[in-house]
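Here's the structure we're looking at; comments come further down.
Count residues from 1 along the sequence. Just the heavy atoms: all of them, side chains too, but no hydrogens, waters or symmetry mates, feed the values below. The model shown is predicted, which means the values in this text are computed figures rather than measured ones.
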Amino acid sequence: MESFDDFIKNKNHSLPEKEDLNVEVVLEAMRRCTLSENHLEKTNLSKTEIEISRKNLLSFQKILEIEISDWALDESFFIYNDEDDAICRLFLFSRGLTKNIFIIGASRPLIKFVNRDIDTYLFFEISNLLLDNLINTISKMEVKPSFLSRVGGRIKRAVSRTIEYIQK
């Protein structure tokens, strides 16, 4: 079974170089990283953390289904991210012949992966929805300003990395 993180880092897999990857190749590789009982046995996450991760990702999926009306959400499934010991969810969007993949982490609203030629407007719509969701979640929690600053910095870095990746 291929590791999600090995795929992301482009190590130890028999796929073409990242520049040659199309959505179908990525989708097939990620199907091999689908969350399984083996992953759940080796994770350090508690059962409660696993359930919260799943619940949050499914909740976010409902938001995507409502808010992203000009794209079809063709497929979605859970993935285990071994490096972060986190549960993620893959979303496959299509419009006509165009397909785009988004992988979002559950433990923090980070974009883990998008295909290189992702539709820019779709990327920004999902990014904005992630930010809105995070703000709504944080506003319900009692947190210190320093926590909010750290979260904001992480989001900024994640979006910057993703934009750099797309522009390569």
Side-chain angles (χ1 to χ4, degrees), residues 1-13 15 18 21-68 71-94 99-119 122-134 136-138 150-151 153-166:
M1 175 181 294
E2 181 167 39
S3 158
F4 171 85
D5 294 299
D6 284 345
F7 176 80
I8 296 301
K9 293 175 184 175
N10 201 18
K11 295 179 182 174
N12 300 325
H13 60 71
L15 296 172
K18 279 191 176 181
L21 295 177
N22 64 35
V23 170
E24 295 300 325
V25 172
V26 173
L27 185 61
E28 193 56 39
M30 289 298 100
R31 283 191 180 114
R32 294 191 301 259
C33 303
T34 301
L35 183 66
S36 68
E37 287 301 319
N38 291 339
H39 294 127
L40 295 176
E41 288 173 7
K42 73 177 185 177
T43 184
N44 292 320
L45 298 172
S46 69
K47 289 184 188 245
T48 303
E49 290 170 316
I50 292 168
E51 288 309 309
I52 289 171
S53 295
R54 286 179 169 172
K55 180 182 170 190
N56 288 342
L57 286 167
L58 290 173
S59 173
F60 189 70
Q61 179 171 330
K62 288 180 184 175
I63 293 169
L64 291 176
E65 289 168 348
I66 293 167
E67 298 294 329
I68 310 288
W71 287 84
L73 179 57
D74 292 338
E75 189 173 350
S76 63
F77 52 88
F78 291 109
I79 296 172
Y80 179 68
N81 179 326
D82 43 344
E83 184 173 294
D84 294 339
D85 192 25
I87 295 174
C88 301
R89 192 149 179 93
L90 177 139
F91 300 97
L92 173 65
F93 291 93
S94 70
K99 293 184 179 185
N100 291 283
I101 289 180
F102 238 85
I103 299 176
I104 299 172
S107 60
R108 45 195 178 266
L110 293 179
I111 299 166
K112 298 291 187 181
F113 179 86
V114 297
N115 53 292
R116 183 175 303 278
D117 57 346
I118 190 163
D119 180 87
L122 176 63
F123 173 78
F124 286 121
E125 280 186 78
I126 294 174
S127 297
N128 287 336
L129 289 170
L130 279 168
L131 288 173
D132 288 347
N133 191 46
L134 177 65
N136 289 337
T137 303
I138 288 175
R150 284 196 325 265
V151 169
R154 285 183 176 174
I155 292 170
K156 183 179 176 182
R157 287 190 303 274
V159 171
S160 296
R161 281 193 311 262
T162 305
I163 290 170
E164 288 172 10
Y165 175 79
I166 291 170

Does Val114 reach the side chain of Ile126, with side-chain heavy atoms less than 4.5 Å apart? no
Please confirm whether the backbone N or O of Val23 pairs with a side-chain atom of Asn115, one donor and one acceptor, at under 3.5 Å? no
Heavy-atom closest pair (Leu45 atom, Ala86 atom, distance to 0.1 Å) is CD1-CA, 4.3 Å
If a pair satisfies salt bridge (Lys or Arg N to Asp or Glu O under 4.0 Å) and one of its residues is in residues 44-58, list it, with sequence neighbours excluded. Glu51-Arg54
Roughly how far, to the nearest 0.5 Å, is NE2 of His39 from CG of Asp85? 10.5 Å
Could you grab the distance from atom OG of Ser53 to atom CG of Leu58, nearest 0.5 Å is fine? 10.5 Å
Sorted by chain and residue number, the salt bridge (charged side-chain N to carboxylate O under 4.0 Å, His left out) partners of Glu28 (sequence neighbours excluded) come out as Arg31
Between Glu125 and Glu67, which heavy-atom pair has the shortest distance, and what is it? OE1-O, 4.0 Å
Contact between Asn100 and Phe102 at the side-chain level, heavy atoms closer than 4.5 Å - yes or no? no
Atom pair CD1/CZ of Ile118 and Arg116 - distance to nearest 0.5 Å: 12.5 Å
salt_bridge(Asp74, Lys99) N-O dist < 4.0 Å: no
As an exercise, state the distance from CG of Leu122 to OG of Ser94, rounded to the nearest 0.5 Å. 10.5 Å
What I'd like to find out is whether the side chain of Asp119 reaches to under 4.5 Å of the side chain of Trp71, using heavy atoms alone. yes
Heavy-atom check, side chain of Leu129 versus side chain of Leu64, under 4.5 Å: yes
Over all heavy atoms of both residues, which pair between Lys112 and Gly105 is shortest? Give the atoms and the distance, please. CG-N, 3.7 Å
Quick one, Ile103 and Phe91 - any side-chain contact, counting heavy atoms below 4.5 Å? no
Nearest 0.5 Å, what's the CD1-CG distance between Ile104 and Asn81? 13.5 Å
Gap separating the CD1 atom of Ile50 from the CD1 atom of Ile87, nearest 0.5 angstrom: 5.0 Å
So which atom in Cys88 and which in Leu57 form the shortest heavy-atom distance, rounded to 0.1 Å? C-CD1, 3.7 Å
Just wondering, do Glu75 and Leu27 contact through their side chains at under 4.5 Å, heavy atoms? yes
Are any non-hydrogen side-chain atoms of Phe113 and Met30 less than 4.5 angstrom apart? no
Side-chain (Ser127) to main-chain (Phe123) donor-acceptor, under 3.5 angstrom: yes
